[in-house]
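Below: one structure, written as structure tokens.
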Amino acid sequence: MRHAKSIERLQFPDKDKEKFEPINPPFVGMYVCGPTVYSDVHLGNVRTFLSFDIIYRYLRHLGYKVRYVRNITDVGHLESDADEGEDKISKKAKLENLEPMEIVQRYANDFHRVMSMFNILDPDIEPSAIGHIQEQIQMIETLMAKGLAYEVNGSVYFDVAKYNQTEKYGVLSGRVLEELQTGSRQLDGQEEKRNSVDFALWKNAGTAHIMRWKSPWGMGFPGWHLECSVMSSKYLGETFDIHGGGMDLKFPHHECEIAQSVGAHGKQPVKYWLHTNMLTVNGQKMSKSLGNSFLPHQLVTGSHPLLSEPYSPMTVRFFMLQSHYSSTLDFSNDALKAAAKGYKKIINGLVLAKKLQFAHDESISIDAGAMAQIDGIIDNCYRAINDDFNTAKTIAQLFNLLKK
RNA sequence: GGUCUCGUGGCCGAGUGGCUAGGCAGAGGUCUGCAAAACCUUCUACGGCGGUUCGAAUCCGCCCGAGACCUCCA
């Protein structure tokens, strides 16, 4: 690949850009926080996985041997941080009178269907939290042995204040522990914790709970943040290259992950953190709780009230790639309409270019100037995608190429 | 309330100090029996007020507006 140069820049926690250098080239370890499978994935979720699909594909294109791990969260994600906070899957199972594993299976299947609908490649490993209960218990034991976790009534919490004595909690998201403590709202049912910022590693669960496992602290289930620390280190090592996820996971989820991993292994788990920004609707984040979700099938059928017509998954893919992954992107009918036309244009060009390849004729002299121009634009394409995977810039270059 | 981000032409959306972003829409044109498609040309910018600089959409300050996180969320 003549034009394939190494990625020059990548976004960092401190917002500076640096050259991307894998820890053990040509291998790259990449972990992305996957979905909690308790309901349908919406287009906001899709945007994140699409962004990392591009990154995964591009790294492979450059010749890196990528191991891409994307988890499925099937236990431990609480409705709230309060003691009576219920597991999302468990709640849904009760609601629909189904086995929790039926819920997990149903929405995991749905997730996979949606991923393939958008032509998003499968990860190399897709581990689930339930499949790693033993490893999670082991990590808790390690943290307890180091004095970074404590048990209360069969639940185990991470001691953030203790951790903060030797490490800094909150660096990734720019938080300061003292401010978090004074600024945090008063939540009910937190008497068990020594500190409001402490988070659960293991939650005690009585017989009323349908999802519970045996542990040294009694029957219960693992906390949400723990699975990612456990599974990423198991499959990618204690320090790996890229960790991704939605911006809304930066705090507290990723912050807690760092604390757990540093606490247990004594080193930073991740070299490059990448966070994708939110898909918005009328300027507001698309989220399940706000009720402004667009579901993939609503898009394809055009059945959402805000859509004037159906749009293909590839149109949406194109639409999303016209912005940078770290910017918010507003979802609207007009924007999709424009994307549909633009996408068609670029595909027409691609089809045409493929036809041209079979028309080589030795008798026709090649215009050197035009060739140089085309080479220049192709170079620009690589420069654009190398610049923190800037797909918007890259697409603009592709349109320039089209004109030649 | 605290922390942070953003504010680009009719719409979407790149761009971090000087060099055309791009797409969609609009206008004009080429082609065509008409229409469509395709292609060519082209108009409309940088929230406001100051400051730094030879020069700012780009850096700094203040103001206005929007959003995110702080509590489950990709």
Side-chain angles (χ1 to χ4, degrees), chain A residues 15 17 32-36 38-39 41-52 70 73 76-82 85-88 91 111 114 170 172-176 178-188 190 196-197 199 224 244-255 274-290 293 318-346 348-349 352 377 380 384 387-388 390-403:
Chain A
K15 287 172 262 176
K17 286 179 175 179
V32 173
C33 286
T36 302
Y38 73 103
S39 69
V41 289
H42 62 234
L43 291 173
N45 305 117
V46 169
R47 186 188 185 201
T48 292
F49 302 122
L50 171 61
S51 299
F52 288 105
R70 189 184 64 205
T73 297
H77 209 151
L78 303 184
E79 283 292 321
S80 77
D81 208 21
E86 203 174 358
D87 182 285
K88 279 177 184 281
K91 185 185 176 188
F111 172 65
V114 170
L172 179 70
S173 56
R175 315 281 160 139
V176 180
E178 290 71 29
E179 289 173 1
L180 280 172
Q181 286 167 323
T182 54
S184 75
R185 296 178 211 171
Q186 208 50 50
L187 294 169
D188 294 335
Q190 294 203 335
S196 62
V197 293
F199 55 91
W224 172 39
M247 202 74 109
D248 48 0
L249 298 182
K250 204 170 186 179
F251 187 90
H253 183 54
H254 290 156
E255 211 64 78
L274 269 65
H275 291 98
T276 55
N277 216 322
M278 300 294 106
L279 187 66
T280 60
V281 180
N282 294 323
Q284 267 206 320
K285 174 183 175 181
M286 183 184 289
S287 78
K288 289 165 187 168
S289 46
L290 286 172
S293 298
F318 179 78
F319 161 70
M320 289 182 175
L321 294 179
Q322 272 188 302
S323 75
H324 190 249
Y325 71 83
S326 67
S327 306
T328 56
L329 173 65
D330 201 58
F331 190 84
S332 70
N333 190 60
D334 285 349
L336 276 178
K337 224 181 197 168
K341 290 203 177 180
Y343 177 66
K344 196 176 165 194
K345 188 171 172 182
I346 212 159
N348 281 343
L352 191 69
I377 294 173
N380 285 342
D387 183 5
D388 197 16
N390 197 324
T391 51
K393 257 202 264 183
T394 310
I395 288 173
Q397 289 300 329
L398 289 178
F399 276 107
N400 286 335
L401 191 60
L402 219 57
K403 288 175 186 166

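Naming convention: chains lettered A, B, ... in sequence-line order (proteins, then strands); numbering from 1 in each chain.
- To the nearest angstrom, P of B:U5 lies 21 Å from CG of A:Asp330.
- No side-chain heavy atom of A:Met286 sits less than 4.5 Å from a side-chain heavy atom of A:Met278.
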Which atom pairs, one a donor and one an acceptor, fall under 3.5 Å between side chains of residues 330-338 of chain A and the rest of the protein, sequence neighbours left out?
residue, atom, partner, partner atom, Å
A:Asp330, OD1, A:Thr280, OG1, 2.7
A:Asp330, OD1, A:Asn282, N, 3.3
A:Asp330, OD1, A:Gly283, N, 2.9
A:Ser332, OG, A:Ala335, N, 3.2
A:Asn333, OD1, A:Ser308, N, 3.0
A:Asn333, OD1, A:Ser308, OG, 3.4
A:Asn333, OD1, A:Tyr311, OH, 2.9
A:Asn333, ND2, A:Ser308, OG, 3.0

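- Within a heavy-atom distance below 4.0 Å of RNA chain B, the residues of residues 44-52 of chain A found are A:Gly44, A:Asn45, A:Thr48.
- Each of B:G15, B:C69, B:A74 was ranked by its minimum atom distance to the side chain of A:Phe251; first place goes to B:C69.
- Nearest-nucleotide assignment on RNA chain B puts the 5′-proximal partner with A:Gln284, out of A:Leu249 and A:Gln284.
- Put simply, A:Asn390 has a side-chain N or O that comes within less than 4.0 Å of OP1 or OP2 on B:G15.
- Separation of the P atoms belonging to B:A35 and B:U41 is 23 Å when rounded to the nearest angstrom.
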Considering only nitrogen or oxygen atoms on both sides, find all protein atoms under 3.5 Å from nucleotides 16-25 of chain B and state each distance.
residue, atom, partner, partner atom, Å
B:A25, OP1, A:Lys341, NZ, 2.4

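- Whole-Å rounding puts the A:Met278 CE to B:A66 C1' distance at 17 Å.
- When rounded to the nearest whole Å, the span between CG of A:Leu274 and C1' of B:A74 equals 14 Å.
- No more than 12 heavy atoms of other residues, nucleotides or ligands shown are found within 6.0 angstrom of NZ on A:Lys91.
- Checking A:Pro252 against A:Thr276, the closest nucleotide of RNA chain B that is more toward the 5' end is the one next to A:Pro252.
- Between A:Arg47 and A:Thr276, every side-chain heavy-atom pair lies at or beyond the 4.5 Å cut-off.
- Using a 4.0 Å heavy-atom criterion, one finds that A:Lys288 contacts the sugar-phosphate atoms exclusively.
- A donor-acceptor pair shorter than 3.5 Å cannot be found between the side chains of A:Asn390 and A:Tyr325.
- Between A:Ser173 and B:C70 there is no side-chain N or O to OP1 or OP2 distance below 4.0 Å.
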